[in-house]
Undergrad: 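Before anything else, here's the structure in question.
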There are 2 protein chains.
Amino acid sequence: MKTARNTTAKTAVLEIFGKSKIALSHTEIYKQIEDVCDRVTVYRILDRLVNDDIVHKIVDLDGTVKYAKCHHHAQRVHIHNHAHFSCEKCLEITCLENVKPSYIMPHNYKVNNINFTLSGLCPNCLNSNI
Amino acid sequence: MKTARNTTAKTAVLEIFGKSKIALSHTEIYKQIEDVCDRVTVYRILDRLVNDDIVHKIVDLDGTVKYAKCHHHAQRVHIHNHAHFSCEKCLEITCLENVKPSYIMPHNYKVNNINFTLSGLCPNCLNSNI
DNA sequence: AACTAATTGCAACATTGTTGCGATATTATT
DNA sequence: AATAATATCGCAACAATGTTGCAATTAGTT
Ligand SMILES: [Zn+2]
Ligand SMILES: [Zn+2]
Ligand SMILES: [Zn+2]
Ligand SMILES: [Zn+2]
């Protein structure tokens, strides 16, 4: 049993997540705190935050990896089965916490987790497109 | 208008896709034909096959990129909106051509494409698990 | 203050994918 | 069959992203 520590770098990363409404990549996070710590440290902090269920990892349609803070509501059990929206124009990824797909699976598969990502135009880009 | 050519390398790649029931990564393909052509050639062939709608690109939950042959049925319009299954044990990715999710989106989003990937145990690994 | 273990920095490495360019091979044309 | 046009290839070099080992640092505890 290891006890997590509150380090300067970890605090900086959490502050960035607190300010952001969208999902962020390792590079985007690192650029904001390159004077605080090393690249590798950011990777390791993100790993730990994912393991501790404080942040979840999202893989975009093109393979880009991003991270977003989890919203734990009042639920005891915390599962990241919500959908994500990937804007083709501004490339932002947003959590769609309330969008949950329904589907019918063939037999003989055991589904443990799902990943549902939609792409297109986000509200911002849709409006500026008129 | 450029006319595609049938080269040795392209034929080799298509043969591999013909034999495989599951999606394949660039590396998996290249390993089978490294005496035929260069790594870069495999990348370029895959790009072209995707553009020509002969193969489709799949990004796994962990960011792994794979490719699978398209099944064009009798439909005129060809859209890759089917789901994929990613086995957590054998790591194989399978196309679930008939699984299509239904969902409700918030307003102000324009959805152009969806990516729906389920993970868990495939029929093979489920049986060998008993 | 001293101790313990989590965390960090750095360097080195691995994997995956891209680009430029001269050489080669395929296809259509004569 | 020879020629011409150009799609494709090989190679080398580069870029982006992520990982690992290990010694040094630092946070939390006693
Ligand atoms: Zn947008
Ligand atoms: Zn999310
Ligand atoms: Zn399996
Ligand atoms: Zn598929």
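Each chain gets a letter, A, B and so on, in the order the sequences are listed, and its residues count up from 1.
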Undergrad: Donor-acceptor check, side chain of B:Asp62 to backbone of B:Thr64, threshold 3.5 angstrom: yes or no?
TA: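 Flag set: sc B:Asp62 to bb B:Thr64 pair under 3.5 Å.
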
Undergrad: What is the distance, rounded to the nearest whole Å, between atom NZ of B:Lys2 and atom C1' of C:dT26?
TA: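 My rounded result for the distance is 14 Å.
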
Undergrad: Using a 3.5 Å distance criterion without hydrogens, assess whether the side chain of A:His84 forms a donor-acceptor pair with backbone atoms of A:Val59.
TA: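 No, because the side chain of A:His84 does not come within donor-acceptor range (under 3.5 Å) of the backbone of A:Val59.
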
Undergrad: Has A:His56 got a side-chain atom pairing as donor or acceptor with A:Ala68's backbone, closer than 3.5 angstrom?
TA: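 A pair under 3.5 Å: yes.
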
Undergrad: Expressed in angstrom and rounded to an integer, what is the separation of B:Leu46 atom CG from C:dT18 atom P?
TA: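 Nearest whole value for this atom pair: 10 Å.
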
Undergrad: May I ask you to say what B:Arg39 touches in the nucleic acid, namely base, sugar-phosphate or nothing, with a heavy-atom cut-off under 4.0 Å?
TA: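 Contact class for B:Arg39: base.
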
Undergrad: Check every nucleotide of DNA chain D for an atom under 4.0 Å from a heavy-atom of chain B, then give the first and the last such nucleotide from 5' to 3'.
TA: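 The footprint of chain B covers D:dA5 to D:dA12.
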
Undergrad: Compare every heavy atom of A:Tyr103 with every heavy atom of A:Val111, then report the nearest pair and how far apart it is.
TA: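 Smallest heavy-atom distance, with atoms named: CG1-OH, 4.0 Å.
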
Undergrad: Any link between B:Tyr67 and B:Leu91 through a network of hydrophobic side chains (Ile, Leu, Val, Met, Phe, Trp, Tyr) touching at under 4.5 Å?
TA: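 No, B:Tyr67 does not connect to B:Leu91 through the hydrophobic network.
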
Undergrad: Is there a side-chain contact between B:Phe17 and B:Val55 (heavy atoms, below 4.5 Å)?
TA: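 Contact flag for B:Phe17/B:Val55 side chains = yes.
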
Undergrad: Could you state the atom-to-atom distance from OH of A:Tyr30 to C1' of C:dG9 in whole Å?
TA: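 Answer to the nearest Å: 11 Å.
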
Undergrad: Remember a base hit wins even if backbone is also touched, and classify B:Val36 as base, sugar-phosphate or nothing at under 4.0 Å, heavy atoms.
TA: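 It contacts sugar-phosphate atoms only.
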
Undergrad: Measuring to OP1 and OP2 of C:dT7, would you say a side-chain N or O of A:Arg48 lies under 4.0 angstrom away?
TA: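 True: A:Arg48 side-chain N/O within range (under 4.0 Å) of C:dT7 OP1/OP2.
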
Undergrad: How do B:Cys37 and A:Val65 order along DNA chain D: which one's closest nucleotide is nearer the 5' end?
TA: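 The residue whose closest nucleotide sits nearer the 5' end is B:Cys37.
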
Undergrad: Linking I/L/V/M/F/W/Y whenever their side-chain heavy atoms sit closer than 4.5 Å, directly or via other members, would B:Phe116 and A:Tyr109 fall into one cluster?
TA: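 Yes: a chain of side-chain contacts under 4.5 Å links B:Phe116 to A:Tyr109.
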
Undergrad: What is the distance, rounded to the nearest whole Å, between atom CG of B:Asp38 and atom C1' of C:dG20?
TA: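 Taking atom C1' of C:dG20 as the reference, CG of B:Asp38 is at 14 Å.
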
Undergrad: With DNA chain C as reference, determine whether A:Asn6 or B:Tyr43 sits nearer its 5' end, using the nearest nucleotide of each.
TA: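 Closest to the 5' end, via its nearest nucleotide, is A:Asn6.
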
Undergrad: Check whether B:His107 reaches the backbone of A:Pro123 with its side chain - one donor and one acceptor, N or O, closer than 3.5 Å.
TA: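 Judged by distance alone, no pair lies under 3.5 Å.
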
Undergrad: In residues 8-20 of chain B, what residues come within less than 4.0 Å of DNA chain D, judged by heavy atoms?
TA: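 DNA chain D contact set from residues 8-20 of chain B: B:Ala9.
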
Undergrad: Give the rounded distance in Å between these two atoms: NE2 of B:His26 and P of C:dT15.
TA: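 Answer to the nearest Å: 13 Å.
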
Undergrad: For the pair made of CZ in B:Arg44 and P in C:dA25, what is the distance, rounded to whole Å?
TA: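 Rounded to whole Å, this separation is 15 Å.
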
Undergrad: Tell me whether the OP1 or OP2 atom of C:dT7 has a side-chain N or O from A:Thr7 closer than 4.0 Å.
TA: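 False: A:Thr7 side-chain N/O out of range (4.0 Å or more) of C:dT7 OP1/OP2.
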
Undergrad: Look at all strands and tell whether A:Val40 reaches a base, only sugar-phosphate, or nothing, counting heavy atoms closer than 4.0 Å.
TA: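 Base: the residue A:Val40, judged by heavy atoms under 4.0 Å, touches a nucleobase.
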
Undergrad: For the pair made of CG in B:Asp47 and P in C:dT16, what is the distance, rounded to whole Å?
TA: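 Result: 16 Å.
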
Undergrad: Measure up the B:His26 and B:Tyr43 rings against each other and bin them: parallel (under 30°), tilted (30 to 60°), perpendicular (over 60°).
TA: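 Taking B:Tyr43 first and then B:His26, their aromatic rings lie parallel (interplane angle under 30°).
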
